[in-house]
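Worksheet: the structure to be examined is printed underneath.
Convention: sequence-line order gives letters A, B, ...; per-chain numbering from 1. All values reported here derive from a predicted model rather than from experimental measurement.
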2 protein chains.
Amino acid sequence: MNVMNDSPRRKELTRLAAQLFVQEGFDRTTVRMLAQEMGIKSGSLFHHFRDKQEILAAVIEEGTQNALVIARKALSRCDNEAGTRLHAMARAHLETLLTDRNAHVVALYEWRRLSPEARDHLSHLRDAYEALWEQVIDEALAAGLIRGDRFLVSRFVMGALNWTVRWYDPDGPRTPDDLADELVAMITRAPA
Amino acid sequence: MNVMNDSPRRKELTRLAAQLFVQEGFDRTTVRMLAQEMGIKSGSLFHHFRDKQEILAAVIEEGTQNALVIARKALSRCDNEAGTRLHAMARAHLETLLTDRNAHVVALYEWRRLSPEARDHLSHLRDAYEALWEQVIDEALAAGLIRGDRFLVSRFVMGALNWTVRWYDPDGPRTPDDLADELVAMITRAPA
DNA sequence: GGGTCAACCAAGCAAGCGCTAGTGTAAACG
DNA sequence: CGTTTACACTAGCGCTTGCTTGGTTGACCC
């Protein structure tokens, strides 16, 4: 047991772990399964991670950090029109959720399995992401595009979007863009 | 090992199990923890349930059946106006979700842990519940109250509602009714 | 060309897991 | 009365779990 930095090897292992965590769930994924998927023996795992919980934390950190970057990029790329920004945010959210899917499903489902310290650290990242949403919602409210309570609306919207991982079929006829269109149309007052 | 009927004792044990499953998650809840919470020894548990999975199935069945009954009652109690019915449905959903909370959280989080047979059986119950939603959404679409695709809208709405178990604080200032009001207002075109 | 170091392995420990077998007991039943 | 039934207990089997220990390998470094 030695490192907790982010070597390239560790990044790769984290990616593989995310996949297994999605397939089996955190608790049902044994260190032996993880090791086999990674092509090493179970003992060697603890050279890269202090314990099993740290693997989970690494997966979730990766995913959340990615989501933040993508959302910020999407917002910076569009003008200041509230509708456009709302749209961009929804699209960015769905894109991360459905392409970099594994890490996000883990973040959504296995959050409670984190150790208190890890949860504390990661909740700051998550809050930063949610703040982006609240800001965009605020703008849409100010522009009269939607109505209601800023806190509730942003929670409802994020709920609707996060729930997609339960039913969305990437091989079906609908693209993530379609979903974003539909959602924005549903909550805005002006016709699309 | 003998019975799989629904004795009153079994109902009570199921309720207690739901609470533990929420607190710890299904996998982390051991039969010894369950037994202790129930005031018996771990071996005695298997007099009431064939195995641990059956306890989970019982919890989820209870919750889903309850939700169905409550939603049907709520719908039958209101007139045929689409807005009223949409409202009633949202309120019923939130009420079951936030009062009979335990069973529903388990159903949402631990669905994947069910054995294939149990999942098959319970998915029929769940489908019946979702059909209620799609029907109400259909009526609202026909009345011009909301717009969009019936499938997507109902999924978005259920996502927004189910997500509430993540952030809603029953001791906070907002009542379940407040949430239902806000959600309906968010997605309908006409002013509240 | 000896030293360093990240990466890996073999072996296994202690604890905990779901579940079973066999028994006890008190109320309900004919 | 004797039998049945529902519920609980004790004791533990067989297996898996996360993690540790001590040692080996091969690439790189001055």
Side-chain angles (χ1 to χ4, degrees), chain A residues 1-60 106 110 112-119, chain B residues 1-60 106 110 112-119:
Chain A
M1 51 314 232
N2 49 356
V3 279
M4 54 185 299
N5 63 358
D6 33 31
S7 63
R9 183 82 177 116
R10 188 174 143 128
K11 272 249 165 76
E12 169 70 4
L13 297 183
T14 302
R15 213 183 47 79
L16 289 167
Q19 192 184 341
L20 259 182
F21 286 161
V22 169
Q23 267 175 41
E24 308 286 331
F26 177 70
D27 288 321
R28 281 178 124 80
T29 304
T30 69
V31 292
R32 286 165 180 80
M33 294 164 68
L34 286 166
Q36 185 172 25
E37 192 76 10
M38 297 165 177
I40 59 180
K41 298 293 173 181
S42 69
S44 312
L45 238 170
F46 297 90
H47 172 74
H48 301 278
F49 303 92
R50 200 187 313 276
D51 54 27
K52 195 186 165 193
Q53 293 240 26
E54 200 180 272
I55 309 180
L56 178 62
V59 167
I60 294 183
V106 172
E110 313 284 0
R112 296 147 24 107
R113 306 287 171 256
L114 287 169
S115 67
E117 313 88 63
R119 186 157 42 209
Chain B
M1 54 314 229
N2 49 355
V3 279
M4 53 186 300
N5 64 357
D6 33 31
S7 64
R9 183 84 178 115
R10 188 175 143 127
K11 272 251 164 77
E12 169 70 2
L13 298 183
T14 301
R15 212 183 47 79
L16 289 168
Q19 193 184 339
L20 260 182
F21 286 162
V22 169
Q23 266 174 43
E24 308 286 331
F26 176 70
D27 289 320
R28 282 178 125 79
T29 304
T30 69
V31 292
R32 287 165 178 82
M33 294 165 66
L34 286 166
Q36 186 172 24
E37 192 77 10
M38 296 164 177
I40 58 181
K41 299 292 172 181
S42 69
S44 312
L45 236 170
F46 297 92
H47 173 73
H48 302 279
F49 302 93
R50 200 187 313 277
D51 54 26
K52 196 186 163 194
Q53 293 241 22
E54 199 181 272
I55 309 179
L56 178 63
V59 168
I60 295 184
V106 172
E110 314 283 1
R112 295 147 25 108
R113 306 288 172 255
L114 287 169
S115 67
E117 312 89 62
R119 186 159 39 211

Quiz item: Between atom CD in B/E24 and atom P in C/dC17, what is the gap in whole Å?
Solution: 11 Å

Self-check item: Residue-phosphate contact under 4.0 Å: A/H48 side-chain N/O, C/dC8 OP1/OP2
Solution: yes

Practice problem: Could you state the atom-to-atom distance from CG of A/L34 to P of D/dT17 in whole Å? | Solution: 11 Å

Quiz item: Rounded to the nearest Å, what distance is computed from the CE atom of residue B/M38 to the P atom of nucleotide D/dC9?
Solution: 13 Å

Quiz item: When you measure from the side chain of A/I40, which nucleotide among D/dA8, C/dC8, C/dG18 comes out closest?
Solution: C/dC8

Quiz item: Relative to the 5' end of DNA chain D, which residue comes earlier, B/G43 or A/R28, by the nucleotide with the nearest heavy atom?
Solution: B/G43

Practice problem: Between C/dC19, D/dC7, D/dC9, spot the one nearest the side chain of B/D51, thanks. | Solution: C/dC19

Quiz item: Quick one: A/L45 CG to D/dC19 P, roughly how many Å, whole number?
Solution: 10 Å

Practice problem: Measure the shortest side-chain to side-chain distance between B/F26 and B/I55 over non-hydrogen atoms and say whether it is less than 4.5 angstrom. | Solution: no

Quiz item: Of the nucleotides C/dC8, D/dA8, D/dC19, which has the atom closest to the B/R9 side chain?
Solution: D/dA8

Quiz item: What is the distance, rounded to the nearest whole Å, between atom CG of B/D27 and atom P of C/dC17?
Solution: 12 Å

Quiz item: Out of D/dA8, C/dA6, C/dC17, which nucleotide sits closest to the side chain of B/T30?
Solution: C/dC17

Quiz prompt | Short side-chain N/O contact to D/dC9 OP1/OP2 from B/S44, under 4.0 Å | solution = yes

Quiz item: What closest approach, in Å, do B/Q53 and B/S115 show between heavy atoms, and which atom pair accounts for it?
Solution: OE1-N, 2.9 Å

Quiz item: Of the nucleotides C/dC19, D/dC9, D/dG18, which one has an atom closest to the side chain of B/F46?
Solution: C/dC19

Self-check item: Distance, rounded to the nearest Å, where B/F49 contributes CZ and C/dG18 contributes C1'
Solution: 15 Å

Exercise. In whole angstrom, give the distance that lies between atom NZ of B/K41 and atom P of D/dG12.
Key: 15 Å

Practice problem: Determine the sole option in A/M33, A/Q36, A/M38 for which the side chain to side chain contact (heavy atoms under 4.5 Å, CB included) test with A/L20 is passed. | Solution: A/M33

Self-check item: Distance test, side-chain N/O of B/H47 to OP1/OP2 of D/dC7, below 4.0 Å
Solution: yes

Exercise. Decide yes or no, distance alone: a donor-acceptor N/O pair under 3.5 angstrom between the base of C/dG16 and the side-chain of B/R32.
Key: no

Quiz item: Would you call A/E12 and A/R9 a salt bridge, taking side-chain N to carboxylate O under 4.0 Å as the test?
Solution: no

Quiz item: Between atom CZ of A/R112 and atom CD of B/Q23, what is the distance when rounded to the nearest 0.5 Å?
Solution: 9.5 Å

Exercise. Take atom CG of A/L13 and atom P of C/dA6, then tell me their distance rounded to the nearest Å.
Key: 16 Å

